[in-house]
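If you scroll down you'll find the structure; I have some questions about it.
Computed from a predicted structure; not experimentally measured. Just so we're on the same page: letters track the sequence lines, and every chain starts at 1.
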Amino acid sequence: MAPSSSSEPASHSGHAHLLANKWMGANKLAELVASEGLVYKKGKFSAIEIKQVNEAMQNYCTTRGLSEEDLNQIIFPSDEKKKDAVFWSEITSAVPLRPIVAVYQYVRRAHHPMKQQGKWQPEEDAKLIQAVTSLGQQWEKVAQLVGRMATDCRDRYRNHIVDREKRVNGAWSTAEEEELTRIVTTMQQGKNLDTDIFWGKVSEMMDGKRSRQQCRIKWTDSLSKKFKTDGATARWGTHDAFILVHKIDALGVRDDTEIDWKSIPDSQWNLFSAHTVQRRWLTMKKSIKGFEDMTHSEIMDILRVKYAEMPSYAKVSKVAKVPARSDEYIEDSDNDEPQAGSSTGPGTLVAEGGPDDDSE
DNA sequence: CGGGTAGGTAAGGGTAATGTATTACA
DNA sequence: GTGTAATACATTACCCTTACCTACCC
């Protein structure tokens with residue numbers, strides 16, 4: 001495929017066009033990342049991106065005199081197969097680093113008529129169980145019977161219905177914690193990254209007593225920390241707040257929804273999970289009076305002053321003594337994350353240069 | 001016909017919002 | 001000791017990506 005061009009990486013606009021027009025799956029994307037340095041974005045849509053998408057749709061409608069109903073027909077065509085490639089490409093162009101598939105999925109989710117209906121009622125669970133019993137895991141059909149989005153039915157089923165009789169709630173016993181630690185650490189052996197942990201499997205190995213979500217949260221937010229410190233409890237301190245504020249400051253994002261929390265911890269500071277760190281940020285933010293009406297940079301201005309100095313007495317935050325991966329020490333050649341400048345932002349950028357991996 | 005692909009569903013993997021129990025501390 | 005704010009621990013709705021399937025096109 002046309003490696004012709006020059007020695008320079010393909011132009012950005014060329015990539016933007018590809019992303020907005022070609023329906024590429026994961027493999028295809030990975031291939032382009034490797035072969036011609038394609039850069040694209042993954043992860044949650046930031047507030048800014050959501051706004052851009054909405055404006056693009058609004059614009060699409062007004063320039064063509066389309067009604068709300070027409071728009072709905074485009075997003076969810078009734079039976080006829082009128083593919084509206086123009087629509088999806090145009091909307092995708094509003095968020096340059098996103099592949100068309102991601103935008104397509106996002107918009108269909110966000111505008112689904114049955115979206116967001118809050119807590120599940122017992123009657124709904126009953127309908128769900130009934131539907132799955134008769135139809136099997138055909139979620140689109142099940143959704144019709146239950147009155148919830150297919151994906152929500154699937155989630156409810158796998159997270160709360162399966163093994164429901166065995167499910168245990170409340171605080172974890174020491175035995176359970178030990179069991180989970182054993183399972184997770186065993187699974188990690190021979191794996192390269194902790195992303196190789198399959199929480200559905202873990203839940204099964206716990207004999208269904210705890211759901212995949214319970215297992216995952218318990219491990220990432222609590223047990224992994226204890227494991228790293230050999231049982232010592234590490235509490236969040238001012239020095240941690242200091243580090244966090246300055247890390248976020250260094251990102252230079254326009255809005256905190258653009259922060260990729262997974263990228264915050266590093267080899268020196270990694271006791272707290274991305275989830276925990278994100279929550280700490282929220283707490284700090286909320287402690288500022290009137291934060292609701294402030295922009296991200298205004299909030300940063302205040303926090304920067306508040307945490308201007310590293311508390312001198314503070315012991316440096318403990319660093320994991322157990323390297324993330326078995327006994328091999330991870331060198332961490334200093335990140336060279338392809339932080340493609342500030343223009344990008346939010347979620348994770350996927351680019352050439354594979355960071356990782358070591359392997360053997 | 002046969003490979004390629006657009007457009008859809010299912011499965012896999014994860015986070016955000018919120019509630020509740022503990023702990024720190026004035 | 002007491003009230004309250006911060007933090008730890010739980011719960012679950014909600015979200016995004018990848019795998020897979022199928023009708024359709026050249």
Side-chain angles (χ1 to χ4, degrees), chain A residues 21-30 40-46 49-50 75-77 81-85 88-89 98-110 112 114-120 124 136-143 148-161 167-172 177 193-203 210-223 225-226 233-238 240-241 256-257 259-262 272-284 286-287 346-348 350:
Chain A
N21 290 279
K22 200 141 164 65
W23 188 280
M24 297 183 284
N27 293 334
K28 191 78 188 176
L29 283 167
Y40 74 98
K41 195 145 79 68
K42 296 171 82 162
K44 205 170 163 49
F45 276 57
S46 73
E49 288 175 310
I50 290 170
I75 301 176
F76 303 101
K81 330 235 154 169
K82 46 169 172 182
K83 327 181 168 185
D84 204 330
W88 294 110
S89 292
R98 296 283 183 176
I100 192 167
V101 198
V103 174
Y104 172 84
Q105 304 267 32
Y106 165 73
V107 171
R108 304 244 314 175
R109 245 192 337 271
H112 195 104
M114 294 189 280
K115 83 176 281 262
Q116 287 181 351
Q117 301 189 339
K119 273 197 166 309
W120 281 73
E124 291 182 297
Q137 326 241 75
Q138 302 182 72
W139 303 112
E140 284 299 328
K141 289 182 186 161
V142 168
R148 291 254 191 177
M149 284 178 65
T151 158
D152 290 343
C153 292
R154 192 279 307 248
D155 283 343
R156 182 68 189 176
Y157 191 77
R158 69 173 170 166
N159 291 331
H160 305 286
I161 304 293
R167 194 57 38 81
V168 175
N169 287 308
W172 286 61
E177 293 187 347
L193 305 160
D194 18 10
T195 54
D196 282 331
I197 294 172
F198 305 114
W199 297 105
K201 275 279 178 318
V202 172
S203 173
R210 297 284 182 171
S211 74
R212 68 179 190 111
Q213 285 176 301
Q214 287 175 303
C215 292
R216 183 175 178 282
I217 296 283
K218 185 65 187 178
W219 175 257
T220 57
D221 285 4
S222 173
L223 289 182
K225 193 171 67 178
K226 274 185 197 159
T233 39
R235 277 183 81 88
W236 181 264
T238 22
D240 295 304
D256 60 6
T257 58
I259 296 169
D260 175 18
W261 295 101
K262 281 195 296 298
F272 304 96
S273 69
H275 182 209
T276 303
V277 166
Q278 195 265 338
R279 296 204 49 187
R280 290 281 71 79
W281 164 256
L282 209 70
T283 306
M284 277 193 233
K286 282 183 178 167
S287 72
T348 308
V350 178

(request) Could you check how far CD of A/Glu177 sits from C1' of C/dC9, rounded to whole Å? (result)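 Going from A/Glu177 (CD) to C/dC9 (C1'), I get 10 Å.
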(message) Quick check on B/dT9: is either OP1 or OP2 less than 4.0 Å from any side-chain nitrogen or oxygen of A/Gln138?
(response)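 For B/dT9, OP1/OP2 do not have a side-chain N/O of A/Gln138 under 4.0 Å.
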(request) Give the nucleotide from the list B/dG7, B/dG13, C/dT12 with an atom nearest to the side chain of A/Arg156. (result)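 The closest nucleotide is C/dT12.
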(request) Could you tell me the separation between the NZ atom of A/Lys201 and the P atom of B/dA11, rounded to a whole number of Å? (result)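 Computing the A/Lys201:NZ to B/dA11:P distance gives 13 Å.
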(message) So if I take every side-chain heavy atom of A/Trp23 and compare against B/dA10, B/dG7, C/dT12, which nucleotide ends up nearest?
(response)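 Given the options B/dA10, B/dG7, C/dT12, the side chain of A/Trp23 is closest to B/dG7.
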(message) Below the 4.0 Å mark, does B/dG8 have OP1 or OP2 next to a side-chain nitrogen or oxygen of A/Tyr104?
(response)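 Affirmative; the distance criterion is met.
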(message) Between A/Gln214 and A/Asn169, is there a side-chain heavy-atom distance shorter than 4.5 Å?
(response)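 Sidechains of A/Gln214 and A/Asn169: in contact.
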(request) Could you state the atom-to-atom distance from CG of A/Asn159 to P of B/dG12 in whole Å? (result)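 Rounding to the nearest Å, CG of A/Asn159 and P of B/dG12 are 13 Å apart.
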(request) Mind calculating the distance between CD1 (A/Ile217) and P (C/dT11) to the nearest angstrom? (result)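 In whole Å, C/dT11 P lies 11 Å from A/Ile217 CD1.
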(message) Side chain of A/Trp172, heavy atoms from C-beta onward: which of C/dC15, C/dA10, B/dT9 has the nearest atom to it?
(response)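 Given the options C/dC15, C/dA10, B/dT9, the side chain of A/Trp172 is closest to C/dA10.
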(request) Kindly compute the distance separating CE (A/Met149) from CG (A/Asp155), expressed to the nearest 0.5 Å. (result)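 So the CE of A/Met149 and the CG of A/Asp155 are separated by 9.5 Å.
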(message) Does a side-chain N or O of A/Arg216 approach OP1 or OP2 of C/dT11 to a distance below 4.0 Å, or not?
(response)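 No, A/Arg216 has no side-chain N/O under 4.0 Å of OP1/OP2 on C/dT11.
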(request) Rounded to the nearest angstrom, tell me the gap between atom NE2 in A/His112 and atom C1' in B/dT9. (result)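 One finds 13 Å between C1' of B/dT9 and NE2 of A/His112, rounded.
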(request) Determine: side-chain N/O of A/Arg148 to OP1/OP2 of C/dC14, distance under 4.0 Å, yes or no. (result)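 Result: yes.
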(request) Measure from the side chain of A/Trp139, starting at C-beta and using heavy atoms only, and say which of C/dC16, C/dC15, B/dA11 lies closest. (result)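 Among C/dC16, C/dC15, B/dA11, the one nearest the side chain of A/Trp139 is B/dA11.
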(request) Kindly say if A/Arg108 contacts the phosphate of B/dT9, meaning a side-chain N or O under 4.0 Å from OP1 or OP2. (result)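 For A/Arg108, the contact criterion (side-chain N or O under 4.0 Å from OP1 or OP2 of B/dT9) is met.
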(message) Please determine whether a side-chain nitrogen of the Lys or Arg among A/Glu49 and A/Lys44 lies less than 4.0 Å from a carboxylate oxygen of the Asp or Glu.
(response)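 No salt bridge links A/Glu49 with A/Lys44.
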(message) At less than 4.0 Å, is any side-chain N or O atom of A/Arg210 found next to OP1 or OP2 of C/dT11? Yes or no.
(response)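 Looking at the OP1 and OP2 atoms of C/dT11, one of them is under 4.0 Å from a side-chain N or O of A/Arg210.
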(request) Determine the contact category for A/Gly200: base if any of its heavy atoms lies under 4.0 Å from a base atom, sugar-phosphate if only primed atoms, P, OP1 or OP2 are that close, otherwise nothing. (result)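 Counting heavy atoms under 4.0 Å across all strands, no contact is made by A/Gly200.
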(request) Just compare C/dC9, C/dC16, B/dA10 and give me whichever is closest to any side-chain atom of A/Lys44. (result)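 For A/Lys44, the side-chain atoms sit closest to C/dC16.
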(request) Quick one: label A/Arg167 by what it contacts on the DNA or RNA (base, sugar-phosphate, nothing), any heavy atom closer than 4.0 Å. (result)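 Contact class for A/Arg167: none.
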(message) Can you list everything that forms a side-chain hydrogen bond (donor to acceptor under 3.5 Å, both in side chains) with A/Arg212? Sequence neighbours excluded, please.
(response)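 Testing A/Arg212 for side-chain hydrogen bond (donor to acceptor under 3.5 Å, both in side chains), a comparison that skips the adjacent residues, returns A/Asn159.
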(request) Select base, sugar-phosphate, or nothing to describe what A/Ala171 touches, counting heavy atoms under 4.0 Å on all strands. (result)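 The residue A/Ala171 makes sugar-phosphate contact but no base contact.
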(message) Check the phosphate of C/dT11 against A/Asn169, side-chain N and O only, distance under 4.0 Å to OP1 or OP2. Yes or no?
(response)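 Result: yes.
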(request) Answer yes or no: does a side-chain N or O of A/Arg109 lie under 4.0 Å from OP1 or OP2 of C/dC16? (result)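 Answer yes for this pair, as a side-chain N or O of A/Arg109 is under 4.0 Å from OP1 or OP2.
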Are there any protein N/O atoms within less than 3.5 Å of an N/O atom in nucleotides 18-20 of chain C, and if so, which ones and at what distance?
residue	atom	partner	partner atom	Å
C/dT18	OP1	A/Lys42	NZ	2.7
C/dT18	O4	A/Gln105	NE2	3.4

(message) So if I take every side-chain heavy atom of A/Arg212 and compare against B/dG14, B/dA11, C/dC15, which nucleotide ends up nearest?
(response)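 The closest nucleotide is B/dG14.
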